[in-house]
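See structure below.
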Amino acid sequence: MLDQIHLLAAVTVLGVLEQAYFFLQVIYARRTFGISPPKTSGPPEFERIFRAQVNSSEYFPIFLAVLWQAGLFFHQGLAAALGLLYLYARYCYFMGYRASSSERLTPIYLSSGVLWILIAASTLGILHFFLSHYVGLNILQVLTA
C-alpha cells in the first residue's frame, strides 16, 4: 500500500515545510517592521508578505484534497508531479508578491491552472471508479474502443 502513496506523502511533507517557511517569513517581517500580533497592517512590504502567506494558507487545504484524490483515483506519479509544480508556483508567487504586487500574477495563474488540472484528474478518477465499481462500465475501454 505504501508504494501507492509514497509520492503523495513526500509532496505533502514538502508542502507543509513550504507553509512553515511562509509562516516564518511573516514572523521575520513582523520583527523587521515592528508589527505585533494581532495587527495585520503596516508598511506595504509587510502587508505583501502577510497577504502572500495568508493566501497560500487559504489554498493549501484545497491543494491537499485534490492532490490526494488525483493520486489515489487517477495516477500517483502525475498527481505528485503536478503537486511539485504547484509548490514551485506557490514559492514563486510568495517571492514575487514579497517584491511587488504585480510580480505575483504569473505564478498565481500557474498555480491556479495546476489546481484545475488536479481537480479534473480527481473528478475523472472518481467518476471512473464509481462507473466501473457500481455500474460495471469501464470508461477507459469505451474511450479507446
Side-chain angles (χ1 to χ4, degrees), residues 1-133 138-144:
M1 158 123 177
L2 292 179
D3 60 332
Q4 296 174 348
I5 62 170
H6 66 284
L7 297 175
L8 301 174
V11 172
T12 299
V13 169
L14 287 173
V16 169
L17 291 173
E18 182 177 69
Q19 290 296 307
Y21 173 76
F22 295 161
F23 294 144
L24 288 173
Q25 294 307 301
V26 172
I27 291 169
Y28 296 146
R30 284 187 180 282
R31 290 179 185 159
T32 300
F33 298 107
I35 300 170
S36 298
K39 287 185 179 180
T40 58
S41 61
E45 295 84 1
F46 169 76
E47 289 183 6
R48 288 195 310 267
I49 293 169
F50 181 78
R51 277 303 309 147
Q53 181 269 318
V54 169
N55 183 269
S56 294
S57 294
E58 291 167 346
Y59 277 87
F60 194 62
I62 297 167
F63 164 68
L64 287 179
V66 295
L67 170 74
W68 278 84
Q69 289 171 9
L72 293 174
F73 289 96
F74 193 79
H75 190 277
Q76 179 188 204
L78 176 64
L82 289 169
L84 290 174
L85 182 58
Y86 177 84
L87 294 177
Y88 173 73
R90 272 292 160 171
Y91 178 79
C92 292
Y93 165 81
F94 187 90
M95 300 311 271
Y97 205 171
R98 179 183 185 163
S100 164
S101 60
S102 63
E103 294 292 318
R104 78 189 196 291
L105 296 176
T106 300
I108 197 70
Y109 295 145
L110 175 60
S111 65
S112 296
V114 171
L115 274 183
W116 280 111
I117 294 168
L118 285 169
I119 290 168
S122 298
T123 303
L124 288 173
I126 292 168
L127 179 63
H128 176 262
F129 175 81
F130 280 126
L131 288 175
S132 64
H133 190 74
N138 187 337
I139 58 174
L140 296 178
Q141 286 178 344
V142 172
L143 294 174
T144 58

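Every heavy atom of this structure was used, including side-chain atoms; hydrogens, water molecules and symmetry mates were not. Computed from a prediction, not measured in an experiment: that's the story for all the values here.
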Output all residues satisfying side chain to side chain donor-acceptor pair (under 3.5 Å) with [X], sequence neighbours left out; order by chain, then residue number.
X: T12; result: W68
X: Y97; result: none
X: Q19; result: S57
X: Q25; result: R98

Drop me the distance from [X]'s [atom1] to [Y]'s [atom2], to the nearest 0.5 angstrom.
X: S100; Y: M95; atom1: OG; atom2: CE; result: 14.0 Å
X: E103; Y: C92; atom1: CD; atom2: SG; result: 11.0 Å
X: S101; Y: R51; atom1: OG; atom2: CZ; result: 12.5 Å

Any ring pair (Phe, Tyr, Trp, His ring centres under 6.0 Å) pairs touching residues 2-31, not counting sequence neighbours?
F22-F94

Checking [X] now: which residues fulfil side-chain contact (heavy atoms from CB on, under 4.5 Å) with it, not counting sequence neighbours?
X: L78; value: F74, H75, L82
X: A79; value: L8, L67, A70, L118
X: I108; value: N55, R90, Y93, S111, S112

Side chain of S122, backbone of V66: donor and acceptor closer than 3.5 Å?
yes

Within the side chain of Q53, is there an N or O that forms a donor-acceptor pair under 3.5 Å with the backbone of V26?
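Answer holds: no.
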
Please report the shortest heavy-atom distance between I49 and A29, naming the atom on each side.
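Closest approach of I49 to A29, heavy atoms only: CD1-CB, 3.9 Å.
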
For residues N138 and H128, report the shortest heavy-atom separation together with the two atoms involved.
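Looking at all heavy atoms of both residues, the shortest contact is OD1-NE2, 3.1 Å.
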
After noting the C-alpha distance and the side-chain angles of T123 and Q69, does the key distance pass the side chain to side chain contact (heavy atoms under 4.5 Å, CB included) rule?
CA-CA 8 Å; T123 303; Q69 289 171 9; over 6 Å; no

Ring pair (Phe, Tyr, Trp, His ring centres under 6.0 Å) partners of F130, counting only residues at least two apart
Y134

Measure the acute angle between the ring planes of F129 and H133, then classify it against the limits of 30° and 60° as parallel, tilted or perpendicular.
parallel

Can you tell if the side chain of V54 reaches within under 4.5 Å of the side chain of E58, non-hydrogen atoms only?
yes

Does F50 reach the side chain of I35, with side-chain heavy atoms less than 4.5 Å apart?
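The answer is no, as the side chains (C-beta and beyond) never meet within the 4.5 Å cut-off.
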
Tell me if the CZ atom of F33 is crowded by more than 12 foreign heavy atoms within 6.0 Å.
yes

Are there over 12 heavy-atom neighbours, none belonging to Y59, within less than 6.0 Å of that residue's OH?
no

Could you walk me through whether F63 and L87 pass side chain to side chain contact (heavy atoms under 4.5 Å, CB included), step by step?
CA-CA 9 Å; F63 164 68; L87 294 177; 4.0 Å; yes

Pick out which of I117, L115, L110, V11 makes a side chain to side chain contact (heavy atoms under 4.5 Å, CB included) with Y86.
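The passing option is L115.
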
Could you name each residue pair satisfying side chain to side chain donor-acceptor pair (under 3.5 Å) that touches residues 33-44, not counting sequence neighbours?
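Checked against side chain to side chain donor-acceptor pair (under 3.5 Å) - neighbours excluded - no pair reaches residues 33-44.
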
